[in-house]
Amino acid sequence: MIQVEPLTPVIGAEIYGVDLCGPLSEEQFAEIHSAFIRHHVLVFRDQHLTPEAHKHFARMFGRLHVHPYHAKSVSPDHAKSELADPEILEVRADKNSRNVAGEEWHTD
């Protein structure tokens with residue numbers, strides 16, 4: 001159902017042929033999960049997920065983690081996001097960034 005293209009011989013794969021915005025069949029998720037186990041990092045290009053759709057897909061893998069920044073309401077400026085969702089920590093930077101959310105620890 002999906003196409004899996006390894007990125008390197010060691011880690012990572014691009015996944016094609018699935019729209020993460022819509023519901024996934026059990027077979028589609030089983031293929032995605034198998035690719036995750038095999039390649040450890042998956043890239044889904046050109047997906048336009050809302051925060052809710054992103055969380056729905058992530059929950060298929062298990063319970064979501066609330067980052068301590070959000071749990072304690074002490075997010076530093078470099079970790080704040082317009083999303084304002086405790087289950088999402090945006091990891092981002094630009095040429096003017098002095099610090100980056102995730103530079104000491106992060107999960108994608």
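Count residues from 1 along the sequence. All heavy atoms count here, side chains included; hydrogens, waters and symmetry mates do not.
Between E27 atom CD and I2 atom CD1 the span is 12.0 Å, to the nearest 0.5 Å. Taking CD of Q28 as the start and CD1 of I32 as the end, the distance is 6.5 Å to the nearest 0.5 Å.
Residues that satisfy the side chain to side chain contact (heavy atoms under 4.5 Å, CB included) test with R59, not counting sequence neighbours, are K55, L64, E87. Here Y16 pairs with nothing under the ring pair (Phe, Tyr, Trp, His ring centres under 6.0 Å) rule; sequence neighbours left out. A35 pairs by the side chain to side chain contact (heavy atoms under 4.5 Å, CB included) definition with V4, I15, H39, L42, not counting sequence neighbours.
Scanning all heavy atoms of the two residues, the minimum distance from M1 to S25 falls at SD-OG, 4.0 Å. Looking at every heavy atom in both residues, L49 comes nearest to A53 through CD2-CB, 4.0 Å. Residue Q47 comes nearest to L20 through the heavy atom pair OE1-N, 2.8 Å, listed as atom of the first residue, atom of the second, then distance.
Taking the six-membered ring wherever Trp is involved, the centroid distance between the rings of F29 and F61 falls below 6.0 Å.
In this structure, F36 is not a member of the same hydrophobic cluster as L7, with clusters built from ILVMFWY side-chain heavy atoms closer than 4.5 Å.
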